[in-house]
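Working notes for the structure below.
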Amino acid sequence: MTIKRKETRESVCYREIKKKIRNGELKPGDRLIENTLSKQLEISRTPIRKAIGMLAADGYVEYNDFRGAFVKDSIINKERYFEMTEIIGLFLKQAIQKIRTKKISFNTVRVLAKLEEIERESEQTNPAIYFEYEKWFVSDLLTYMKNNYYLKISNDFFNNIQEFGDEEVIKIAQNACVKTINNIQIFIDAIEVQDYDKCVAIIDQMIDAHVLVAYR
């Protein structure tokens, strides 16, 4: 195997084993045997062992007492992705309900400023930009719940998509996020006049967009 200049052997092992996990060559539950990987990658066992530790720290591998390291079921496929978007949608609708019942003032200035930032960068063709803005919008709305647990689940969800989402999921997420951005102004207009039912409907549209994009 050819090793890139200045790349450590454990980094090479990390990259190659991670590739095998992401492309399905190594499946959830498969045991990572150092001798086997050492022969496959033509690298000694020590960097293999370090790489497995790095993969465990990043969530790709888990250790089973007395049995060694195994591939963790961490890759987010389409079905798992849709389940999580439904949960995030429920969180957002609860946030809207709290704003409504507690008569909380929604900071539209902050969201409008972010929207202007989005529009300035909209000329860029990288769809990942819109993904980051949807993450921001969801987090901002959930702050009104004053529930760090909800925020953590939301942030972990978006971060895990980027790290563990398969190719199809990442494409769905990025394309659906473009539709979310288009709905932000409508959401702001609705919440300013306290039309909370419309706000909830917009959240439903955002969640539905992820499914529709997948099957269009």
Side-chain angles (χ1 to χ4, degrees), residues 1-89 91 126-132 134-135 138-139 149-178 207 209-216:
M1 174 181 295
T2 301
I3 300 177
K4 296 179 181 179
R5 178 181 290 181
K6 295 183 179 180
E7 188 175 16
T8 64
R9 288 182 176 272
E10 53 262 34
S11 294
V12 173
C13 296
Y14 174 91
R15 171 167 48 80
E16 293 298 324
I17 298 171
K18 180 177 176 180
K19 185 190 299 182
K20 290 176 181 291
I21 294 172
R22 290 193 64 85
N23 66 21
E25 185 177 342
L26 287 171
K27 296 178 173 55
D30 284 353
R31 185 181 176 189
L32 299 179
I33 302 173
E34 291 177 12
N35 280 336
T36 302
L37 292 168
S38 178
K39 291 176 182 178
Q40 290 176 349
L41 302 180
E42 300 177 350
I43 295 179
S44 65
R45 290 176 57 183
T46 299
I48 295 285
R49 190 177 303 117
K50 290 180 179 178
I52 291 174
M54 292 161 62
L55 287 162
D58 286 348
Y60 285 95
V61 171
E62 59 187 350
Y63 287 99
N64 188 313
D65 290 344
F66 308 112
R67 295 186 61 204
F70 293 80
V71 177
K72 189 175 180 179
D73 186 13
S74 56
I75 301 301
I76 300 175
N77 58 22
K78 188 165 60 178
E79 289 71 25
R80 185 178 292 181
Y81 173 71
F82 289 153
E83 289 174 2
M84 284 305 303
T85 54
E86 289 289 341
I87 292 171
I88 296 300
F91 289 173
N126 184 4
I129 294 171
Y130 296 97
F131 179 83
E132 289 299 324
E134 179 173 66
K135 177 183 176 181
V138 168
S139 296
Y149 180 66
Y150 283 10
L151 276 173
K152 184 180 185 306
I153 291 176
S154 172
N155 289 332
D156 286 348
F157 169 65
F158 282 100
N159 292 335
N160 287 341
I161 289 172
Q162 294 175 302
E163 180 64 37
F164 301 115
D166 63 25
E167 187 176 341
E168 183 181 22
V169 162
I170 291 174
K171 185 176 180 181
I172 292 169
Q174 291 178 347
N175 290 336
C177 288
V178 175
I207 301 305
H210 290 264
V211 178
L212 295 173
V213 164
Y215 293 104
R216 68 180 179 184

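Being a predicted model, the structure only gives us computed values, none of them experimental. Note that the numbering runs from 1 along the sequence shown for the chain.
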(request) Report yes or no: does Ser154 contribute a side-chain atom to a donor-acceptor pair with the main-chain N or O of Ser139 at less than 3.5 Å? (result) no
(request) Using modelled atom types only, decide if a donor and an acceptor are shared between the side chain of Lys27 and the backbone of Gly24 within a distance under 3.5 Å. (result) yes
(request) Identify the two heavy atoms, one from Ala69 and one from Val61, that lie closest to each other, and give their separation to 0.1 Å. (result) CB-CG1, 3.7 Å
(request) Write down the atom of Phe131, the atom of Cys177, and the distance for their closest heavy-atom approach. (result) CA-SG, 3.6 Å
(request) State, to 0.1 Å, how close Glu10 and Ala51 come at their nearest heavy-atom pair, and which atoms those are. (result) O-CB, 3.6 Å
(request) Flag the pair Phe157 / Phe91 as yes when at least one side-chain heavy-atom distance between them is below 4.5 Å, and no otherwise. (result) no
(message) So, taking the atom named CD1 in Ile87 and the one named CD1 in Ile207, what distance separates them when rounded to the nearest 0.5 Å?
(response) 10.5 Å
(request) Measure the CD-CG distance between Glu16 and Leu37 for me, rounded to the nearest 0.5 Å. (result) 11.0 Å
(request) Return the minimal non-hydrogen interatomic distance between Lys72 and Gly59, and the atom names on each side. (result) CD-O, 3.3 Å
(message) On a heavy-atom basis, which atom in Leu41 and which in Cys13 lie closest, and how many Å separate them?
(response) CD1-CA, 4.2 Å
(request) Begin from the C-alpha positions of Arg22 and Glu167 and carry the test salt bridge (Lys or Arg N to Asp or Glu O under 4.0 Å) through to its verdict. (result) CA-CA 9 Å; Arg22 290 193 64 85; Glu167 187 176 341; over 6 Å; no
(message) According to salt bridge (Lys or Arg N to Asp or Glu O under 4.0 Å), who are the partners of Glu25, at least two apart in sequence or on a separate chain?
(response) Lys20
(request) Establish, from distance only, whether the side-chain atoms of Glu132 and Gln162 form a donor-acceptor pair under 3.5 Å. (result) yes
(request) Take the angle between the ring planes of Phe82 and Tyr215 and call it parallel below 30°, perpendicular above 60°, tilted in between. (result) tilted
(request) Nearest 0.5 Å please: distance from the CD1 atom of Ile33 over to the CD1 atom of Ile52. (result) 10.0 Å
(request) Quick one: pull up OG1 in Thr36 and CZ in Arg45 and give me the separation to the nearest 0.5 Å. (result) 10.0 Å
(message) Once rounded to the nearest 0.5 Å, what's the spacing between atom CG of Asp30 and atom CD1 of Ile21?
(response) 9.0 Å
(request) Name all pairs fulfilling the salt bridge (Lys or Arg N to Asp or Glu O under 4.0 Å) condition that reach into residues 49-70, sequence neighbours left out, sorted by first residue then second. (result) Glu34-Arg49
(request) Using the side-chain contact (heavy atoms from CB on, under 4.5 Å) rule, pick out the option among Thr85, Val169, Asp166 that qualifies with Ile161. (result) Val169
(message) Does any part of the side chain of Glu168, heavy atoms only, come nearer than 4.5 Å to the side chain of Tyr81, both counted from C-beta?
(response) no
(request) Assess the pair Phe70 and Tyr63: is the distance between their ring centroids shorter than 6.0 Å? (result) no
(request) Would you mind reporting whether Val138 and Phe158 have side-chain heavy atoms less than 4.5 Å apart? (result) yes
(request) Taking Asn23 for its side chain and Lys19 for its backbone only, find out whether a donor-acceptor pair lies under 3.5 Å. (result) yes
(message) Within the 4.5 Å heavy-atom criterion, are Ile153 and Met84 side-chain neighbours or not?
(response) yes
(message) Quick check for you: to the nearest 0.5 Å, what is the distance between Arg15 atom CZ and Leu55 atom CG?
(response) 12.0 Å
(message) Please list all pairs meeting salt bridge (Lys or Arg N to Asp or Glu O under 4.0 Å) that have one or both residues in residues 154-165, counting only residues at least two apart or in different chains.
(response) Lys18-Glu163, Lys152-Asp156
(message) Tell me the closest heavy-atom pair linking Gly165 and Ile170, and the distance in Å.
(response) O-CD1, 3.4 Å
(message) Whether the Lys135 and Asn155 side chains hold a donor-acceptor pair (N or O, under 3.5 Å, no angle test) is what I'd like checked.
(response) no
